[in-house]
Amino acid sequence: MKARVHVTLKTGVLDPQGKAVAHALDSLGFEGVNDVRQGKYLELDLAENDPDKAHAAVDDMCRKLLANMVIENYAIELDT
Amino acid sequence: MKAAVIVFPGTNREQDMVDALSACMGNDPILVWHGDPTVPDVDLIVLPGGFSYGDYLRSGAMAARSPVMRDIIAKSEKGVPVLGVCNGFQILTETGMLPGALMRNADLKFVCKDVRLKVETSQSLFAGGYQAGQVIRVPVAHHDGNYFADEETLDRLEDRGQIAFRYCDEDGGLNRDANPNGSIRNIAGIYNEAKTVLGMMPHPENMIESAQGGTDGLALFSGMVEALS
């Protein structure tokens, strides 16, 4: 089973990299980009085939390593 | 006094830390490899600067989960003092031994220069060589030194006297121009609640002899040795 994890900065945490990307888009002539928030995307190939167990395991992985809970949120999607 | 300096793949300031500790202790600290399951019994454990595991995922994230850190967390909980400088500070926040996180510098640039620090308190085993309010000059060299914590955590740190150092100007003024990385409330270093763990981004070990341009970092090491001997 494949899992896809998106790690994003929490609301209220400044994202200077996202701001720089937004500025660069603006300078390229892309108008109307109000804000950019940069995050991380991870793909996990899991031996587990039970969706509930897989989700629980990836959730644990996110809390213990993949995301820093002080500044980041995460979202998990499973390919079923 | 005995000290151990931990070496991870990508650590690069361990010898500077060894030199600073040796100069004050009169003996060489033990170098401990990250894969070792335990740290020998010592009076001080130091996590030096560098780029452990190439800063993969987040600075300090991999090192914080390495085998040796489990023993360091256990020893720290029993009261063994731990000092983390630069990447060491990042590792300490990643383990949760210190609150908050160190994010990409606000201007997105690697910053390598001397900065001024205001010593917030001398009441710790680390800072006894300084006076509270003293302004010292030491270098920084980092890309991810932008300290962040939520307001509640910051207020708690302030109330309990856990702020160790703040970036300041030559007169001790706390302002944005004196802040090299955008750290919230100009925070450069913090203690844990028991003040047995200190994490700081600047490098006192690189300001211990006149050939380095100054000696303001020396009192941190001499003060620690006096407290722990």
Side-chain angles (χ1 to χ4, degrees), chain A residues 1-28 30 33-48 54-78, chain B residues 52-53 55-67 69-70 73 87 89-111 142-154 156-157 176 179-187 190 192 199:
Chain A
M1 175 172 284
K2 293 249 170 79
R4 294 187 296 275
V5 177
H6 289 269
V7 179
T8 51
L9 285 173
K10 286 183 177 173
T11 308
V13 176
L14 292 176
D15 179 13
Q17 293 177 99
K19 283 215 180 331
V21 172
H23 184 72
L25 287 172
D26 185 64
S27 69
L28 286 170
F30 292 102
V33 179
N34 294 328
D35 194 20
V36 175
R37 304 282 283 171
Q38 183 175 313
K40 292 190 185 85
Y41 170 67
L42 302 99
E43 287 179 342
L44 284 70
D45 190 349
L46 305 170
E48 181 60 64
H55 193 281
V58 176
D59 193 78
D60 201 27
M61 292 175 205
C62 287
R63 289 178 178 279
K64 286 183 178 158
L65 177 64
L66 303 181
N68 181 334
M69 302 304 291
V70 176
I71 50 173
E72 293 170 332
N73 291 322
Y74 61 87
I76 301 165
E77 291 171 49
L78 296 173
Chain B
S52 59
Y53 298 85
D55 284 347
Y56 294 167
L57 192 66
R58 299 176 303 273
S59 298
M62 300 299 178
R65 280 85 182 172
S66 63
M69 284 309 299
R70 285 181 217 134
I73 292 167
N87 190 220
F89 186 15
Q90 294 162 341
I91 294 167
L92 289 172
T93 58
E94 278 286 339
T95 60
M97 292 165 74
L98 291 174
L102 291 146
M103 304 183 58
R104 181 54 44 101
N105 293 346
D107 63 3
L108 304 177
K109 294 190 180 92
F110 189 97
V111 57
H142 60 249
H143 210 163
D144 297 309
N146 183 354
Y147 184 75
F148 175 85
D150 59 47
E151 289 294 312
E152 189 186 334
T153 303
L154 292 168
R156 197 171 65 238
L157 288 173
R176 179 65 186 89
N179 184 340
N181 52 32
S183 287
I184 201 157
R185 302 194 193 183
N186 280 41
I187 289 171
I190 56 168
N192 66 338

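Note on naming: letters A, B, ... go to the chains in the order of the sequence lines (proteins, then strands), and numbering restarts at 1 for each one. These numbers come from the heavy atoms of this one structure, side chains and all, not from hydrogens, waters or symmetry mates.
- Nearest heavy-atom pair, A:P16 versus B:A106, reported as atom, atom and distance to 0.1 Å: CB-O, 3.3 Å.
- When the shell of 6.0 Å around OH of A:Y41 is examined, it contains more than 12 heavy atoms from other residues, nucleotides or ligands.
- Partner of B:M103 under the side-chain contact (heavy atoms from CB on, under 4.5 Å) criterion, chosen from A:I71, A:L14, A:N68: A:I71.
- Residue A:Q38: no heavy atom, backbone or side chain, is found under 4.5 Å from chain B.
- Heavy atoms only, all atoms of each residue included: A:L65 and B:L57 are closest at O-CD2, 3.4 Å.
- For the set B:E94, B:M62, B:R58, B:R104, the count of heavy-atom pairs under 4.5 angstrom toward chain A peaks at B:R58.
- Ranking A:K10, A:K19, A:K64 against chain B, the residue ahead of the rest is A:K64, based on heavy-atom pairs under 4.5 Å.
- For B:D107, no part sits under 4.5 Å from any heavy atom of chain A, backbone or side chain.
- Within a 6.0 Å sphere centred on OH of B:Y56, other residues, nucleotides and ligands contribute 12 heavy atoms or fewer.
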### Task
Kindly determine whether A:V70 and B:T93 satisfy side chain to side chain contact (heavy atoms under 4.5 Å, CB included), including the steps that lead there.
CA-CA 9 Å; A:V70 176; B:T93 58; over 6 Å; no
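- Only the side chain of B:L108 comes within less than 4.5 Å of a heavy atom in chain A; its backbone stays farther off.
- Other residues, nucleotides and ligands contribute at most 12 non-hydrogen atoms within 6.0 Å of the NE2 atom of A:H23.
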